[in-house]
Amino acid sequence: MSDFFNSSLRQLGDALRTKKVSSVELTQNYLSRISQYNQYINAFITLSPEVSLAQARAADARLAAGNAEALTGIPIAQKDIFCAKGWLTTCGSKMLHNFVSPYDAHVISQFNNAGAINLGKTNMDEFAMGSSNETSHYGPVKNPWDMARVPGGSSGGTAAAVAARLCAAATGTDTGGSIRQPAALCGISGLKPTYGVVSRYGMIAFASSLDQAGPMGRSAEDLALLLNTMAGFDERDSTSLQRDKEDYARDLNKPLNGLRIGLPKEFFAEGLDNDVAQAVEAAIAEYKKLGATVVDISLPNSKLSVPVYYVLAPAEASSNLSRFDGVRYGYRAPEYTDLADMYEKSRAQGFGTEVKRRIMIGTYVLSHGYYDAYYLQAQKIRRLIAQDFTEAYKQCDVIMGPTAPSTAFKLGEKGDDPVQMYLSDIYTIAVNLAGLPGMSIPCGFGANNMPVGLQIIGNYFDEARMLNIAHQYQLVTDWHNRAPQVL
Ligand code: GLN
């Protein structure tokens, strides 16, 4: 049985279809591994073993009937930002500590329709605001490679769960780097699709023009199967794109001869740790062996992406989070004098410090007199940042660089310094501002034996090609197969 914890999704699917294992056995085994290790890692915040096992029994019936799909019977963990009918859905916040969703997010129903098992909900930074998972109301997640270090954020529970083999694969969301940065810090693979490829319906909103859900798993091949299930038009999200259904695994085996890799000089400048630079450079050298050529490019406005993001994302968040008022659902202060007092106390007690900071910044930059100076300026620079990529793609097919400037830092190390924390996403944020697809794959280890991630940024709708590029690297390297020695 223990072999299955290291199997790819395709292997698991084969094992299920040929009855080497049943979905119930697989699910039980993951649940017992979770009950053994989650107390140390804190990756899962809600489990419903009876619900998961009932889904597994249904999957076994479907497998027996011979109408299984690629993910039927496979246990998948869901970031707690996705509403799942009958499941506690907290978004890492006290504000939603008692919220049981009455409906399924599009992503959840896609997995349900595919017959996948919802193994549980994973921990995350509160309302997906953070880069270390330390802002969760449910306590920090520990990096399985070193329990004294952060797993990254905001999809840190998912990243830690995948790395520690507590699930076969999982979902994340990425507003400024929250799939790619934790994937890098935990030594797994993760992909943020082009904005609009995956429906945001039922995904609790942080910054709606940037939020995008995506798959997190151990290999590019696994991500392709997950994205096949997650992607697709949904009329309930007005930004969901109406495009023909794609098979994201279709190009996995194409050779990379002639691939032009753009290396932005801004991604290899001051602020990048040496150990990360070395691992990334070694990965680029490997790509040259696979037939790629390297082009030096520049993304001159990318240095403005962090300040632009910290105007736009809080502005959108302040609006999105106004719905949490203690009236309809979620936390309500136990004592108050009148309606206004009830709003104030519920929000003061229900939200954590980082969320309050963002609401304050957001309402400030949107207020009369500051709107033009901050919000409008930031929108203009957002356009310039996107144009940099359009220019760059005239010279190259794909862009590569580090995912994060350092490997996983210690718990508590950056907690008091929001700007230092915000800089964790310096290489990932521009991709969200431009709406482009980006991914991170493991490419080695740095200081203290902590994993390093290689970022691969594609042009719009290049997901299949990016997965091809990542898969070819994973065929000749084995970083993605390394597992932490959990405890
Ligand atoms: N770390 C960034 C933030 O705190 C990005 C978070 C995300 O992508 N959800 O906003």
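For ligands, and for the atoms within them, numbers begin at 1 and follow the listed sequence.
- Closer than 4.0 angstrom to ligand 1 by heavy atom are Ala128, Met129, Gly130, Ser131, Ser154, Asp174, Thr175, Gly176, Gly177, Ser178, Phe206, Tyr309, Tyr310, Arg358, Asp425, sorted by chain and number.
- Exactly one of Phe233, Tyr103, Phe82 qualifies for a ring-ring contact (aromatic ring centres under 6.0 Å, His included) with Tyr201. That residue is Tyr103.
- Residues meeting the side-chain contact (heavy atoms from CB on, under 4.5 Å) test with Ala184, sequence neighbours left out: Thr403, Ser440.
- With hydrogens and angles left out, the side-chain atoms of Lys79 and Ser155 include a donor and acceptor closer than 3.5 Å.
- With sequence neighbours excluded, the residues forming a side-chain contact (heavy atoms from CB on, under 4.5 Å) with Phe461 are Thr194, Val197, Leu241, Arg243, Glu463, listed by chain and number.
- For Lys356 and Phe351, the positive end is not near the middle of the six-membered ring at less than 6.0 Å and at most 45° from its axis.
- Not counting sequence neighbours, Pro307 has no partner by the side-chain contact (heavy atoms from CB on, under 4.5 Å) test.
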